[in-house]
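Predicted model, so just to flag it, every value in this text is computed and none were measured.
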Amino acid sequence: MTTTILVVLGIVGSAARAEDGYDLWLRYRPLHGVHAAAITMRGSSPTVRIAAAELARGLSGLSGARVAESPDLAAGGILLATARDPMVAALHLPVGPLGNEGYLVRTVTVGGKRVTLVTANGDTGLLYGSFALLRWVQTGGALAGVDLSSSPRIKLRLLNHWDNLTGTVERGYAGQSLWDWWLLPDFSDPRYVDYARANASIGINGTVLNNVNAKADSLTAPYIAKAAALADVFRPYGIKVYLSARFSAPIEIGKLKTADPLDPAVAAWWRAKADELYRAIPDFGGLLVKANSEGQPGPQDYHRSHADGANMLAAALAPHGGIVMWRAFVYAHDNPEDRAKQAYDDFKPLDGKFAANVIVQVKNGAIDFQPREPFHPLFGAMPRTPLMMEFQATKEYLGQATSLAYLGPMFEEALRSDTLAKGPGSTVAKVVDGSLDGHALTGIAGVANIGRDRDWSGSTFNQANWYAFGRFAWNPEISSDAVAREWAAMTFAPNAAVVDPVVRMMAGSREAVVDYMTPLGLAHQMATGHHFGPAPWIADLKRPEWNPVYYARAGKDGIGFDRTASGSNAVAQYAPAIARQLADPATTPERDILWFHHLPWNYRMKSGRTLWEEMVADYDRGIASVASAGRTWATLEPQVDAERFAKTAAFLRIEERDARWWRDASLSYWMSVNGLKLPAGAAPPAHDLAWYKAQDFTYAPGNP
Ligand code: BDP
């Protein structure tokens, strides 16, 4: 009787836990051949207890049998202990190079028993090691013989939430903000714990809670108390809380007349604010600042430099060990210079002028999170300043919620770019991890794609971008393909029949977006405001650089932005050897050719096709790639649970429709400009240009 009830309850229980994506990559479903005896932890900090509980949860799920915690070491069990523990110290393991956060997981013999040891110098390392062990098992590794050792190459591995106090998320496509600002600090949603688990599992160790377009209110006492409540939840997971600061907060909430960084009263206000923050959150990470960009206030309002502004805040935070992340994403309405050049022009002269606890946060490309951008010329150009990479995990310009675009290849492409700053091998990864110029303060930020949707990121495949961001932040030289394989195995099943096709779909998915939206180095062809869908014809917005026509510069004579000496000469912002290469279209990588050159429509490409023919072929290749992903996915129906299968299938159909729309709208417009016919065999657009221009998506999500 009891057994029957339990069995029935078991079934009901698992049905209630349908595969709705909530579990992310931490699914822990039973796998063949996983056996583990008890888990023995040494130590009792909240972090160690969390690590042991996660191992118990994970290994119970993966083995299909309860794996309990036990004070006594069992043969075939797991031992979780720092390297200082006498049992571990006696083993003389190479733990020195692991630093504070690294881990070592290895089968060892302790007291005559073979056990899997998870060890580290610190408790957070134990947590990371526990997740690494689970990942090993989840991806099909055998517990016996495990031998893993790793430590993060980058110190600050941060999510940037563009979450507003109203609960909306700027450029968020996964529902409302996870933070229930209204109910905090009195109610702490249990999801905050699962958010922390997910981040810890990939090594993310900080989170900026609020939008870079910040409200000063975030720094008032009630909101500091709310942030403190989140910090309390995240702390044992090794995650620090940071806030975005509005530069004019001293005026708005401090009743000062100015926010001039050189005014002593302003500096004193920020010092008092920092003291208040640290009273509430003793391990507060620091402030992220968007200043003098897109209408945000900043030091230039007072004819001071970015360094003046950053250093004033840095002085307030320094006594507490806090840092300032000062964004280099700047371009000004009154600056007629090529937008792609402005950040470099502003920041390069400030190299060496920033305080020691300032890190300058630079987007991967010089414009703005486009499907493809050449690496930002500031990387390699500011050797005396730590530079932090900013990626966007949310896909504002890459199809938003519904495209499949896996961003691993984009992260990889940016990080592997060679700046040549100190000769060959001076990659962006080596700038960011501090090794090129000897910086200890290093960081990488990812604009989060997380919201209150049940599946956190709006789709199963969007979760891969959160995952990949964390893995690249841990090791900027990891391979995007390897990350995709891990994620696919954990998210679906560690079997080649699923992993191989899923990884194939992922590998080409971002390139497909580039092809069907902005081939050959085009950029910013998206519609106004919400940035959803194509609008290459837009030419009437107030500021020139708000208009897609500013970027494509299409005319009867050709298309593309001349950034060589005959144009804006942005190429000169790169190392001389790169500048020389980019000066000539023949030596410019074709994938970036229209970013750097204005070329006639009949320019001869390496394929032998004209530029126009090549563009058309690229749009079509993008559509074909999405269609092929759809066909591949269809074959996976027997292997994937119904709910996640159906949603992904629907999203792939949406993406294919959107890809055709992008192609047809863009080609209609280019033909209206160049007067050319489509190459033989190319399908005519489904509608005329007027139809595309008339499409309106006022309520597209994520628009501030
Ligand atoms: C742009 C977004 C805008 C952000 C801005 C930024 O459209 O919402 O505020 O980036 O990074 O891409 O500050």
Exercise. With distance as the sole criterion, is a donor-acceptor pair present between the side chains of N449 and K395 under 3.5 Å?
Worked result: no
Exercise. Using the ring of each side chain (for Trp, its six-membered ring), is H376 parallel, tilted or perpendicular to F379, with breaks at 30° and 60°?
Worked result: perpendicular
Seminar exercise, completed: From the list W466, F461, W25, ring pair (Phe, Tyr, Trp, His ring centres under 6.0 Å) partner of W487 resolves to F461
For this session: Describe, in one word, how the ring planes of Y22 and W456 are oriented to each other, choosing from parallel (under 30°), tilted (30 to 60°) and perpendicular (over 60°).
Result: tilted
Exercise. Is the ring centre of W661 less than 6.0 Å from the ring centre of F697?
Worked result: yes
Exercise. Taking the six-membered ring for Trp, are F469 and F411 parallel (under 30°), tilted (30 to 60°) or perpendicular (over 60°)?
Worked result: perpendicular
Exercise. If you measure from the Lys or Arg side-chain nitrogens to the Asp or Glu carboxylate oxygens, is any gap between E545 and R339 under 4.0 Å?
Worked result: no
Problem set entry | Any donor-acceptor N or O pair under 3.5 Å, side chains E614, S607 | yes
Exercise. Is it true that Y699 and H530 have ring centroids separated by less than 6.0 Å?
Worked result: no
For this session: Classify the ring geometry between W179 and Y192 as parallel (under 30°), tilted (30 to 60°) or perpendicular (over 60°).
Result: tilted
Exercise. Going from CE on M490 to CZ on R29, what distance comes out if it is rounded to the nearest 0.5 angstrom?
Worked result: 12.5 Å
Exercise. So, Y195 versus T207: side-chain donor-acceptor pair below 3.5 Å or not?
Worked result: yes
Problem set entry | Close aromatic pair by centroid cut-off 6.0 Å: W633 and F492 | yes
For this session: Indicate yes or no: does R660 engage E656 in a salt bridge with an N to O separation below 4.0 Å.
Result: yes
Exercise. Can a salt bridge be assigned to the pair R621 and D618 using a cut-off of 4.0 Å between side-chain N and carboxylate O?
Worked result: yes
